[in-house]
Amino acid sequence: MDEDAGALPPKHQFSEWYNNILWRAEIMDVRYPVKGLYVWYPYGFAIRKHVYQRLRDLLDRDHQEALFPLLIPEQEFMKEAEHIKGFEDEVYWVTHGGTTPLDVKLALRPTSETAIYPMYALWVRSHADLPLKIYQIVNTFRYETKQTRPLIRLREITSFKEAHTVHATWEEAQQQVETAVRLYKEFYNGLCIPVMISKRPDWDKFPGADYTIAVDTIMPNGKSLQIGTVHHLGDHFSKTFEIKYEDASGEQQYAQQTCYGISERCIAALLSVHGDDKGLVLPPKVAPVQLVIVPITIGKRHEDVIASARSLEQELRQAGFRTKLDTREMRPGAKYYWWELRGVPLRLELGPRDIDAGKVIAVKRTGGKVSFDREDIKSGVAGVLAEISDAMRQRAEEHMKDRLCSVISIEPLTAALNDGKIAVVHWCGGRPCGDAIEEKTNGSILGTDVRSAYVPSTEGACIICDKPGKATLVGRVY
RNA sequence: GGGGUAGUAGGGUAGCCUGGUCCAUCCUAGAGCGUUUGGGACGCUUUGACGGCGGUUCGAAUCCGCCCUACCCCA
C-alpha cells in the first residue's frame, strides 16, 4: 500500500499544512487574482455558517442585529483624530462614480464606528434609549501592506462581527466590556478553543479607545493569534459624533460606548487548533456534516445495504443530526480518508455483517471505534458526539498549557519564544521597558491583567527595570 | 519598509541561458468504458496549459519592458 497517497504535510510543518488543507478540505480557494482576497468554497462557507450562527445565537440574547452601509463619507471618517491615525494608511477610497470624480470621497469601511455613530447620534435621545446594543456581520476592507494570509491577514475581511453598544455611564460600559468578554469565552468554549484574555498595552489598544481587552489563542507553531477584541470607548466617539442623551434630571450627557469584534480568524483558529496530520477535526457543534454513513456494499448485498443505510440516515436526520450518506462509487477506504480530511466528527459504517448482527460501527475522528446496537443508535450517537467535544477541548487545553511558561529574565524569555512558547513575565507597565522587551526578544507584549486558568496573576520585579511589575504575556504574534 | 526567487493543464515538474510542430512528462485531477469494493483498486481510451498586457521577430513558453500574483530572507 502506498502510505503517501494523498498525504498532507504533517501538522508540525504548520505553514505548509495550513495552506494545503485550505484547498484540500475545500475551505478557501486562494487563486483569486487580487492580493489578500480569497474565495470561500461551499464547504468552508458551510463551516462559517454554523460558526457564525452560534455567534448570532449568543448575541441575540440581548443584542439586535442591524446593517450599516459599506461606504463612509470622508468627512465622517475623518472626524475622530486617533481613529484616523490608526486606520488612514489602510483605507481603500472610492473616488469615482463611473468616470465622474466624486465631490466627497467614500471610504470602504475598515471598521464601522464612523458609519454607525452618526446614526447613533440621531437614535439616542434619552436615558430610556439606553443601553443600546447592536451588532452587524459584514465585510470590511483594509489595505494590508504586510504579507497576507487566508483567514488571518486579509484585505477583505469577509466575516466581521462587530457589536456597538451605548451606555449612560462609564461603569455601565465597563460592565458591558466584561459581559462581552464572557460572551466570547462562551463562544470559544463552544468551539473547544482555549483562549487567553488580557488587557492590551496602551500603544496597542484600539485607536480611540480607553482600553482594549483582547482574546488570543495559540496556534500550532506557537504564535499567538488575536481572535477577538473588546474596547471600552469611553466618550471619545460620543463627543466627536455628539451622541448625547437627556438624563433623569433633564441634563444632556455624553454617552459612554463600547465595541467588540470577531472576524473569520475564529475559523482559522478552529481549523488550526484542532486539525491533525490527517486533516481537519471539527467540533460537532459546528461541523457541517456531523455524521457520515459509509455503506459497505459487497456484491449481492448492495441493494440491501443501501436500503438499510437510507433508513439509518433518515432516522438520524429526523433526530436532528446533520447526516450525510455517502453512496459514491468509491472504495470504502477512500471515503474514510475523504471525510477524515474534512473533519467529520463521527463516521458510521454499515455493512452486511453489521446488518445481520443488528449493529452499527462508529469511528470517532478523535480516535477510537465503538459498536452500537442498531436500535440504540440515536442516544449512542448523541453520547459519542459529546465525548468527541470533550476530548477536543481537553486536547486543545493541554496544547495551550504546554505552550505557556513563566520566565524571570530576558535571555530565557528569548529562548522560550524561539522555542515556540508564550511566556509570562513581570513588567512594570512602562513604555520604555515594554519596547525593550519587544526589541530584545523580537516578540510582542500581548497584555496584562491576564485571565487564564494557566497563568497565575502574580506580581514581581519587572524583567527590565526591577520595579514592581504585573504578570504579562509575551509572545510571537500573527 | 528592503532584498531575493518564481508563475507552464485540477495538482506537481521538464523545457528557457542557446528563439524554430515540443505543445513534453508524472499524479492523489477531470471525462468515458469494463473489472472491482470491510482502510486510499486496476486496465484501456481520452480531456486539458505556457500569469496578464505590450514589444522585438518571418516565428516567442523561451529574449525585452511594464503590471499582477505567490513564496522565502532581512528590518
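Lettering follows sequence order; numbering is per chain, from 1.
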Testing B:G38, B:G40, B:G1 for proximity to the side chain of A:T145, the answer is B:G1
Side-chain touch A:P194/A:Y188, heavy atoms, less than 4.5 angstrom | no
Considering only heavy side-chain atoms of A:T148, the closest of B:A70, B:G38, B:C72 is B:A70
Checking N1-N3 plus N6-O4 or O6-N4 for Watson-Crick, or N1-O2 and O6-N3 for wobble, each under 3.5 Å, the partner of B:A75 is none
Pairwise C1' distance, B:C50 and B:A6 [rounded to whole Å]:
14 Å
With a non-hydrogen cut-off below 4.0 angstrom, is A:Q147 in contact with a base, only sugar-phosphate, or nothing? sugar-phosphate
The Watson-Crick or G-U wobble partner of B:U69, with both key distances under 3.5 Å, is B:A6
Rounded to whole Å, CG of A:D326 lies from C1' of B:U37 at a distance of 13 Å
Rounded to whole Å, NZ of A:K146 lies from P of B:C71 at a distance of 16 Å
Between NZ of A:K335 and P of B:G40 the distance, given in whole Å, is 14 Å
Within the pair A:R331 and B:G39, is there a side-chain N or O less than 4.0 Å away from OP1 or OP2? no
So does A:K35 pair up with A:E144, basic N to acidic O under 4.0 Å? no
task: For B:U35 versus B:G19, give the span between their C1' atoms, rounded off to a whole number of Å.
output: 49 Å
note: A:H302, atom NE2; B:G38, atom C1'; distance rounded to Å ~ 15 Å
Exactly one of A:R393, A:R365, A:K364 clears salt bridge (charged side-chain N to carboxylate O under 4.0 Å, His left out) with A:E387, and that residue is A:K364
Paired to B:C63 by Watson-Crick or G-U wobble criteria (both distances under 3.5 Å) is B:G55
Checklist entry - When rounded to the nearest Å, what value does the distance between P atoms of B:U25 and B:A49 take? => result 15 Å
How far does the P atom of B:C67 sit from the matching atom of B:C22, given to the nearest Å?
36 Å
Rounded to whole Å, the CZ-P distance (A:R149 to B:U69) equals 17 Å
If pairing means Watson-Crick or G-U wobble with both distances under 3.5 Å, then the partner of B:G19 is none
**Message:** What's A:E439 touching, base or sugar-phosphate or nothing? Going by heavy atoms closer than 4.0 Å.
**Reply:** nothing
Atom CD1 of A:I298 and atom C1' of B:U36 are separated, to the nearest Å, by 11 Å
Rounded to whole Å, CG of A:N20 lies from C1' of B:G10 at a distance of 14 Å
Taking B:A70, B:G38, B:G40 as options, the one with an atom nearest any side-chain atom of A:K35 is B:A70
Is A:R31 close enough to B:A9 that one of its side-chain N or O atoms is under 4.0 Å from OP1 or OP2 there? no
Side-chain atoms of A:W23 come closest, of B:C71, B:G38, B:G11, to B:G11
By nearest-nucleotide position on RNA chain B, the 5'-leaning member of A:P33 and A:N442 is A:P33
Does the ring center of A:Y38 lie less than 6.0 Å from the ring center of A:Y32?
no
note: A:R328, atom CZ; B:G30, atom P; distance rounded to Å ~ 11 Å
B:G34 -> Watson-Crick or G-U wobble partner, both distances under 3.5 Å, gives B:C42
| Say you pick atom C1' in B:A60 and the same atom in B:G43; how far apart are they, in whole Å? | 40 Å
Of all heavy-atom pairs linking A:P288 and A:L282, the shortest is CD-CD1, 3.8 Å
Inter-nucleotide C1' distance (B:C16, B:C64), Å rounded: 14 Å
- Query: Have A:T158 and A:E264 got a donor and an acceptor in their side chains that come within less than 3.5 Å?
  - Reply: yes
Stacked pair A:Y336-B:G39, distance under 5.5 Å, angle under 30°: no
Rounded distance in Å between the P positions of B:C74 and B:U8:
26 Å
Pairing partner of B:U25, by Watson-Crick or G-U wobble and under 3.5 Å for both distances, is B:G12
Please work out which of the three classes, parallel, tilted or perpendicular, describes the rings of A:F14 and A:W17, given edges at 30° and 60°.
parallel
Any donor-acceptor pair, under 3.5 Å, between the side chain of A:E349 and the base of B:G39, if you only look at N and O atoms? no
